[in-house]
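I have placed the structure first, in the form of structure tokens, so that the comments after it can refer back to it.
Note on naming: letters A, B, ... go to the chains in the order of the sequence lines (proteins, then strands), and numbering restarts at 1 for each one. Source: prediction; values computed, not measured.
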2 protein chains.
Amino acid sequence: MESKVYSAEESGGPKGFTDRELDIMSVLWREGSGTVVEVRGALGEEVGYTTVLKMLQILEEKGAVGHEREGRAYRYYPLVESVRAGGRALSRIVNKIFHGSAERLLATLVEDREFTAEEIARMRAILDRAKRRRDAE
Amino acid sequence: MESKVYSAEESGGPKGFTDRELDIMSVLWREGSGTVVEVRGALGEEVGYTTVLKMLQILEEKGAVGHEREGRAYRYYPLVESVRAGGRALSRIVNKIFHGSAERLLATLVEDREFTAEEIARMRAILDRAKRRRDAE
DNA sequence: GAATGTCAACGACAATCTTCGTACGAAGCC
DNA sequence: GGCTTCGTACGAAGATTGTCGTTGACATTC
């Protein structure tokens, strides 16, 4: 058997993803894994097969994904969690664009989108939970 | 007199900023404006003068900044608002990383940082305001 | 076993980004 | 006038991204 997941070492710098890279990571996060054909399909087949393959190879070199053999093809898996990537991206935005103010980020977020009453309630619940956690210390 | 602000046309695609570009935009947003020397100073002088100048010229070509003459030097101004850039960056993250769920984004945000009671209160106020605005329609 | 189809690997290519070195012009100084 | 200094403009070099075409290895099918 040979279900080992090959991957490049996740060395020093976990930089952000470019647009195309993010497209591909988004598919892998959503679906859990994917072959080249599957990822390309999820992207609407607007890019060539070899392009998707190349991007996956680049992402693998960066340590963002790994692969294992599945029949004749490779199945790729994300190696960085979406939440961690999201956290880094958010940090960057808060610091560089909103000058460290998460409030301003939230204000922009709620201004740009329409939320249902339920969504707002759940977001409040998230804050309340954070507050209780904070107060408990 | 010649206080006109020269700028490239802000044509179609206002894409995101790369890391270095964001560094520079961040300075301009925070300070309001800056000469090459000032921006470079704010960046800790870790990059060469001509590098900063070049980046500003590229940003100008993209329509992100404009400049006017000040003595012998140029003073650069941001032409895109930080809030708009932030909104675009947030959209990208919500869609590609959090699969469209602003709640999950918020959850990640509050998990990654420590907030004071006041901050949490103000963030709740932001949500309450959004809710009232929503209910009023 | 020859043709066809599937799939990864390799390498090429253009487009950025990021970094500067060098050149060039204008202002001030001696 | 000539020198130095301050500042921009130009262009080049290396790295990375993103796009494929082509090739070659295996399987499948006739």
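Taking atom CG on B:L22 and atom P on C:dC17, their separation rounds to 13 Å, with Å as the unit. Rounded to an integer number of Å, the gap from A:L56 CG to D:dT19 P is 12 Å. Rounded to whole Å, the distance from CZ on B:R69 to C1' on C:dA27 is 12 Å. Nucleotide C:dT19 holds its P atom 7 Å from the CE atom of B:M55, rounded to whole Å. With rounding to whole Å, B:Q57 atom CD is found 14 Å from C:dT19 atom P. One atom, CE of B:M25, and another, P of C:dC17, lie 14 Å apart when rounded to the nearest Å. Between B:L43 atom CG and C:dC20 atom P there is a gap of 12 Å when expressed in whole angstrom units. Computed from coordinates, the B:R20 CZ to C:dT18 P distance equals 8 Å when rounded to whole Å.
Which of C:dT19, C:dT18, D:dT19 sits closest to the side chain of B:I58 comes down to C:dT18. Listed nucleotides: D:dG18, C:dA9, C:dC20. Nearest to the side chain of A:L53: C:dA9. In this structure, of D:dT17, C:dT19, D:dC20, it is C:dT19 that holds the atom nearest to the side chain of B:K54. Among D:dA9, C:dT19, C:dA9, the nucleotide with an atom closest to any side-chain atom of A:Y74 is C:dA9. In this structure, of D:dA9, D:dG18, C:dG5, it is C:dG5 that holds the atom nearest to the side chain of A:R72.
Put simply, B:T50 has no side-chain N or O that comes within less than 4.0 Å of OP1 or OP2 on C:dG21. For the pair B:K62 and C:dC17, the criterion of a side-chain N or O lying under 4.0 Å from OP1 or OP2 is met.
Between the side chains of B:R75 and B:S33, at least one donor N or O sits under 3.5 Å from an acceptor N or O.
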(request) List the steps, then state whether side-chain hydrogen bond (donor to acceptor under 3.5 Å, both in side chains) holds for A:E68 with A:Y77. (result) CA-CA 8 Å; A:E68 64 184 32; A:Y77 297 88; 2.9 Å; yes
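Nucleic acid contact class of A:T18 (heavy atoms, under 4.0 Å, all strands): sugar-phosphate only.
The aromatic rings of A:Y76 and A:H67 are tilted relative to each other, their planes meeting at an angle between 30° and 60°.
Along DNA chain D, the nucleotide nearest to B:R75 and the one nearest to A:E46 differ in position, and the one closer to the 5' end is contacted by B:R75.
We find that A:E21 and A:K62 are joined by a salt bridge, their nearest charged nitrogen and carboxylate oxygen being less than 4.0 Å apart. Ion pairing between a basic and an acidic side chain is recognised when a charged N comes within 4.0 Å of a carboxylate O; A:D23 and A:R20 show such pairing.
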